[in-house]
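Report on the structure given below.
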Amino acid sequence: MHSSFSPSRIWTLAMATVTQLLRMKIMAFLLVFCVIVVAAGFAFPVMNPEQQLKLLKDVSFGALQLFSIVMAVCATALLLPRDLEDRTLYTILAKPVPRHEYLLGKLLGVLVLIGAGLILMDLAFSGVLWLRQSLVLAQSVNALQQEGTATPEAIAQLQAFVGKQGLTWNLHLGVAAIFFKAAVVTALTLMISCFASSTLFTIVISFLVTLIGHGQGLIREYFLTGHAGAVKKGLSALLAIITPDMGAFDIVDNVINGQAVTLTAFGFMATTAGTYLLGYAVVSHLLFVEKEL
Amino acid sequence: MKRPLQALAVLLGLGIAKLPLEQACTQHLRQAKLLSAPLALGLRENLSQMGFAASLGGLRSLVASITYLQAYHEWENVNWAKVDSLLQLTTSLQPGYANYWDDASWQMAYNAASHYLYDEKLQPLVRGKLYEEHVRRGIAILKEGLRYLPDEARLWNSLAEIYERRSHQPELAAEAYLQVHRLSQNNRYWRFAAYQLAQSAKPELWQRAYTMLRESYQSPKQRTPSLIDTIKKLEAKLNIPFPQRIPDTTPLMQIPATEAGPTR
Amino acid sequence: MAADSPQPPAVAVENLTKVFKAGLGKAAFTAVRDLSLTVQPGEVYGLIGPNGCGKSTTMKAILGLVIPTHGRTAIFGRSSTLVESRREVGFLPENPYFYKHLNGLETLLFYGRLCNMKAAELKDRAREMLALTGLEDAADRRVSGYSKGMLQRLGLAQALLHQPRLIVLDEPTAGVDPAGSRKIRDLILSFKSQGITVLVTSHLLEQMQEVCDRVGIMAHGQMVRQGRVDELIAVENETELVLADASPELLAEIRALVESKGQGAKVVRSGHPRTTLEKLFLEVADQ
Ligand SMILES: Nc1ncnc2c1ncn2[C@@H]1O[C@H](COP(=O)(O)OP(=O)(O)OP(=O)(O)O)[C@@H](O)[C@H]1O
Ligand SMILES: [Mg+2]
């Protein structure tokens with residue numbers, strides 16, 4: 001009996017996807033990112049230390065999010081139509097490759113790429129943040145010493161304060177939340193590209209749904225708790241049902257402010273992301289399994 | 001035609017099934033303070049304000065940082081109206097970040113207000129008026145911020161200081177210091193509140209100040225020069241019978257070096 | 001599997017109809033209409049017909065790449081809708097194209113892994129296929145730089161890689177130079193001798209006539225003629241005499257002989273013989 005789920009085949013497809021995207025020179029973005037982070041870390045020395053560290057974190061996390069979402073939408077939107085137009089799909093699907101494996105391979109490929117990109121960027125950003133933080137600390141201690149108030153307690157207090165604003169494990173969990181969101185966007189885009197007729201259409205619709213998804217929480221609560229007419233209620237219900245709640249992964253704002261990510265919170269986000277991923281994968285399969293090539 | 005219909009059915013089914021999960025997830029993240037709770041505004045206001053913020057997704061923090069930088073730039077240009085509006089935008093983007101409220105009110109109540117007060121080109125009457133207006137603006141900003149962060153001692157402290165030093169409203173300053181004391185449990189603010197009450201024009205508040213300060217006086221560690229000084233002044237003003245007054249030769253407490261700020 | 005057919009046909013197409021739906025408001029197009037054909041194991045079957053008559057569509061249906069509107073297709077008794085039906089097929093689509101970021105060898109390794117081939121065996125086999133199709137020198141050049149004929153060769157290598165029992169070739173010689181084209185013909189003949197089934201389309205009718213056991217001629221999505229090549233091209237009441245190095249005198253003598261002793265027989269034409277499959281094709285296409 002032919003196995004209809006072969007991890008090695010999916011991995012082969014995923015790696016082909018990764019190489020395909022890598023050879024599009026996508027990772028040049030990483031260099032740009034490093035420049036931005038270093039600039040954000042050292043270009044604005046006028047502000048107070050806390051604000052400086054916040055700015056560095058804000059800019060870096062902003063770039064991380066931009067990278068992950070743009071990659072998720074654009075890279076994914078390119079993959080299927082390109083294989084279709086280039087007719088590469090004929091030779092692939094003429095091999096004993098179930099169509100769902102092809103889809104999973106593409107999905108996994110994009111996720112691996114985004115994940116690897118995020119890890120590299122996280123490393124670069126952590127390095128700069130740590131450097132900046134040490135610098136800020138040294139400056140503040142220096143200032144204390146000149147005032148003659150550099151008691152061990154004062155220095156310890158300062159260290160604790162800067163440490164909380166600086167590099168913590170929490171920040172990496174914030175990056176994980178960014179990955180979750182990007183994963184959902186990837187699955188969503190893949191699903192849209194399974195029925196869309198052009199790359200441009202896929203990109204536009206995916207961005208639109210992602211955007212609405214950021215307000216889905218509001219729309220959902222309006223529908224669940226608000227008092228409104230039937231039309232408004234129906235409309236908000238429909239929107240809440242067809243869009244994912246992207247806002248549920250937007251913890252970075254508060255993580256930057258030093259809020260701790262609990263294990264349960266992480267679990268909740270992982271479960272939510274997993275649910276979307278699974279659901280969209282099933283819908284993608286249903287759309288793709290009998291698609292005309 | 002059957003498959004697309006199945007796909008639609010799964011999509012809608014998933015859409016309905018996910019609602020409770022999303023709700024639970026959001027609720028939990030709010031409890032863990034990882035997501036900001038919806039603003040306590042009217043629904044309509046809430047929707048437009050939150051809708052704007054939500055559309056930025058996780059980039060809100062970054063955009064706030066940028067508008068904050070712009071405000072700093074405008075400060076250098078001495079364009080107070082611009083500083084105010086940019087910082088207003090900043091605080092509305094991240095109302096949960098106390099620093100922004102503090103900075104915004106500081107810019108108005110201190111920098112802008114003093115700038116106008118010492119502006120030689122303006123008529124004295126206008127100067128005073130502009131000073132007052134900007135101090136009031138600073139107070140309004142802090143009050144707004146305290147709606148979002150009612151438990152932020154730092155904002156209450158800034159408010160108290162503005163009442164104390166900028167608008168000279170000791171009763172209000174006392175109330176704000178009491179909030180700081182409630183939140184920080186630091187006795188210093190208890191004393192600060194009492195000093196403000198002692199400054200009040202209303203004699204009925206002096207008694208309250210005196211009671212509060214005598215309470216602090218119980219602990220030898222708190223017997224700072226200001227404390228003793230204020231108690232003595234109040235005893236005179238309130239005509240406290242001599243036997244009940246504090247002794248003249250109370251040894252002063254040793255001030256630990258770590259206690260930053262003026263010793264009062 | 002049915003017990004009464006121990007050896008299922010390599011390819012079975014039953015009443016295949018394929019209608020391509022156009023966008024809203026536009027008329028649907030019937031590319032293949034009620035087509036049936038069977039290819040027995042070990043046979044070389046040629047599908048010919050004018051452009052747009054539905055040959056490629058039929059092949060895609062056999063490979064499960066398009067879903068039939070009506071009818072069924074099967075490979076070795078397994079329905080084309082099942083993934084395992086594609087385990088023993090090698091398919092060369094028309095104008096094949098591959099991931100342009102891979103080189104020739106990487107491409108073959110990629111397809112080999114999709115067929116679950118073992119790494120060690122795959123490497124050797126891939127090199128062997130590159131040699132067979134004359135691509136050794138281009139093995140580590142990116143596919144994006146390949147010429148049309150090289151892509152065609154790589155497509156062939158990819159189709160043969162996993163040693164399939166059935167090979168489906170859609171215009172294997174398109175864009176290939178004459179020597180390569182001859183090599184492909186020889187390859188098909190060698191498949192035949194190895195007992196490998198081949199289903200092939202081509203517009204090179206001379207070659208088709210040489211290699212095919214049976215052909216089907218399609219027009220407008222339908223099968224118009226089908227049968228063994230020698231039977232199809234034989235014209236019952238005509239006899240062909242092919243001479244080499246005949247002098248004009250000899251030809252005149254034969255002509256005279258036919259006229260005097262022919263008993264009603266007459267010379268229909270003389271001259272260099274035409275490929276009769278081509279003639280048949282043109283007849284059918286003119287209908
Ligand atoms: N995906 C499709 N959508 C709509 N029409 C199609 C599609 N694929 C093929 N057709 C049409 O179906 C008909 C048959 O096409 P097909 O490719 O099978 O022809 P063919 O016999 O292979 O021609 P050629 O000899 O040129 O390769 C053509 O008219 C073509 O336009
Ligand atoms: Mg064709």
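What's counted below: heavy atoms across the whole structure, side chains too, no hydrogens, waters or symmetry copies. Proteins come first, then strands; the chains are lettered A, B, ... in the order of their sequence lines, and each starts at number 1.
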Counting only heavy atoms closer than 4.5 Å, note whether [X] contacts chain B via side chain, backbone, both or neither.
X: A/Val261; result: both
X: A/Asp253; result: both
X: A/Met269; result: both
X: A/Lys181; result: side chain
X: A/Val282; result: side chain
X: A/Ala177; result: neither

Name the region of [X], side chain, backbone, both or neither, that has any atom closer than 4.5 Å to a heavy atom of chain A.
X: B/Gln94; answer: side chain
X: B/Lys33; answer: both
X: B/Ala17; answer: neither

Contact check, side chains of B/Arg60 and A/Val252, non-hydrogen atoms, under 4.5 Å |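 No, too far: nothing below the 4.5 Å cut-off.
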Please tell me if the side chains of A/Thr275 and B/Leu14 come closer than 4.5 Å, counting only heavy atoms from C-beta onward.
->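 Of all side-chain heavy-atom pairs linking B/Leu14 with A/Thr275, at least one is under 4.5 Å.
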Looking at [X] and [Y], what are the two nearest heavy atoms and their distance?
X: A/Ala240; Y: B/Leu19; value: O-CD2, 3.9 Å
X: A/Ile241; Y: B/Leu12; value: CG2-O, 3.8 Å
X: A/Thr272; Y: B/Cys25; value: OG1-SG, 3.6 Å
X: B/Glu22; Y: A/Thr243; value: OE2-O, 4.2 Å
X: B/Leu62; Y: A/Gly62; value: CD2-CA, 3.9 Å
X: A/Thr264; Y: B/His28; value: CB-NE2, 3.5 Å

Nearest-0.5 Å distance, [atom1] of residue [X] to [atom2] of residue [Y]:
X: A/Lys54; Y: B/Tyr97; atom1: NZ; atom2: OH; answer: 5.0 Å
X: B/Leu34; Y: A/Asn254; atom1: CG; atom2: CG; answer: 6.5 Å
X: B/Ser61; Y: A/Gln65; atom1: OG; atom2: CD; answer: 9.0 Å
X: A/Phe61; Y: B/Ser65; atom1: CZ; atom2: OG; answer: 12.5 Å
X: A/Gln216; Y: B/Lys18; atom1: CD; atom2: NZ; answer: 4.5 Å
X: B/Thr26; Y: A/Asp245; atom1: OG1; atom2: CG; answer: 4.5 Å

Take B/Leu8 and A/Leu286, measure what side chain to side chain contact (heavy atoms under 4.5 Å, CB included) needs, and give me the verdict at the end.
-> CA-CA 9 Å; B/Leu8 191 67; A/Leu286 288 174; over 6 Å; no
For chain B, find which of A/Tyr280, A/Phe268, A/Tyr276 contributes the most heavy-atom pairs closer than 4.5 angstrom.
->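 The candidate making the most pairs under 4.5 Å is A/Phe268.
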Full working for side chain to side chain contact (heavy atoms under 4.5 Å, CB included) between B/Gln23 and A/Leu224 | CA-CA 10 Å; B/Gln23 197 69 8; A/Leu224 290 176; 3.5 Å; yes
